[in-house]
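Here the structure is laid out as structure tokens; the discussion comes afterwards.
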Amino acid sequence: MFCSLNQPSCQIEKGLIEGVKHALIHRKCRRTEKYLPYVFEKEIKLIDVNWKGQYGSYCILTDSALANAKSIPPNQFKYLTRGMVRLSEDSALGFSLMTNEINTEKYQEMLSHIKSWIK
């Protein structure tokens, strides 16, 4: 799903689950777009999730200064994963995860830790 902040479909109707989901995703997208001048990606590509029956989304952004780096300087991170997921009917968790690798078992373990907050 690509986020387009100017979509007419962003008009949310009260009481619709899809509307609530869209509002949650739209909010996360709006808060993440501030990173676009500094990342390799040109658009925010949201990954929709359904973890333990709760919905949310996240995106992975690559620091443009480190995108092709052979080594990452200390205290810097190549990737930023930003997301939001419902924890329960009346709560949501926004998260930012900074890492240097995303296709690893360790990265999946960190996402699993985030999932562990969901009731």
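Sequential numbering from 1 along the given sequence is applied to the chain's residues.
Between the CH2 atom of Trp51 and the OG atom of Ser112 there is a distance of 8.5 Å, given to the nearest 0.5 Å. Rounded to the nearest 0.5 angstrom, Glu41 CD and Asp63 CG are separated by 10.0 Å. Rounding to the nearest 0.5 angstrom, the gap separating the SG atom in Cys59 from the CD1 atom in Ile47 is 8.0 Å. To the nearest 0.5 Å, the span separating CZ on Phe95 from NE2 on His113 amounts to 12.0 Å.
Nearest heavy atom pair, residue Arg86 against residue Asp90, reads NH2-N, 3.6 Å. Heavy atoms only, all atoms of each residue included: Met84 and Ala92 are closest at CG-CB, 4.3 Å. The two residues Gln54 and Val85 make their nearest non-hydrogen contact at O-CG2, 4.3 Å. Residues Arg82 and Thr32 approach most closely at NE-OG1, 3.2 Å, considering heavy atoms. Annotation for Tyr58 and Val49: closest pair CE2-CG1, 3.5 Å, computed over non-hydrogen atoms. The heavy-atom pair separating Leu87 from Trp117 by the smallest distance is CD2-O, 3.7 Å.
Met98 and Tyr35 fall within the same hydrophobic cluster, defined by Ile, Leu, Val, Met, Phe, Trp and Tyr side-chain heavy atoms under 4.5 Å apart, directly or through other members. Tyr38 and Phe40 are assigned to two separate hydrophobic clusters, defined by single-linkage of ILVMFWY side chains at heavy-atom distances under 4.5 Å.
Under a 3.5 Å cut-off, the side chain of Thr62 and the backbone N or O of Ser64 do not form any donor-acceptor pair. At distances below 3.5 Å, at least one donor-acceptor pair connects side-chain atoms of Asn100 with backbone N or O atoms of Lys78.
In terms of the side chain to side chain donor-acceptor pair (under 3.5 Å) criterion, residue partners of Tyr107 (sequence neighbours excluded) are, by chain and number, Thr81.
When side chains are defined from C-beta on, Ile60 does not count as touching Leu80, because their heavy atoms never get closer than 4.5 Å. Looking at Ile118 and Ser116, their side chains never come closer than 4.5 Å, going by heavy atoms from C-beta outward. Inter-residue side-chain proximity for Thr99 and Leu97 is flagged as met; some heavy-atom pair is nearer than 4.5 Å.
Under a cut-off of 6.0 angstrom, the local environment of CD in Glu105 is sparse, with at most 12 non-hydrogen atoms contributed by other residues, nucleotides or ligands. Summarising the local packing, CG of Asn68 is surrounded by 12 or fewer heavy atoms from other residues, nucleotides or ligands at distances under 6.0 Å. More than 12 heavy-atom neighbours from other residues, nucleotides or ligands sit within 6.0 angstrom of CD on Gln76.
In the hydrophobic clustering (ILVMFWY side chains linked at under 4.5 Å, chained through shared members), Leu66 is joined by Ile72.
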side-chain contact (heavy atoms from CB on, under 4.5 Å) evaluation trace for Leu36 with Ile44
CA-CA 8 Å; Leu36 283 175; Ile44 298 167; 4.0 Å; yes

Going through the checks in order, is the side-chain contact (heavy atoms from CB on, under 4.5 Å) test met by Lys106 and Met110?
CA-CA 6 Å; Lys106 182 69 174 169; Met110 288 184 271; 3.9 Å; yes

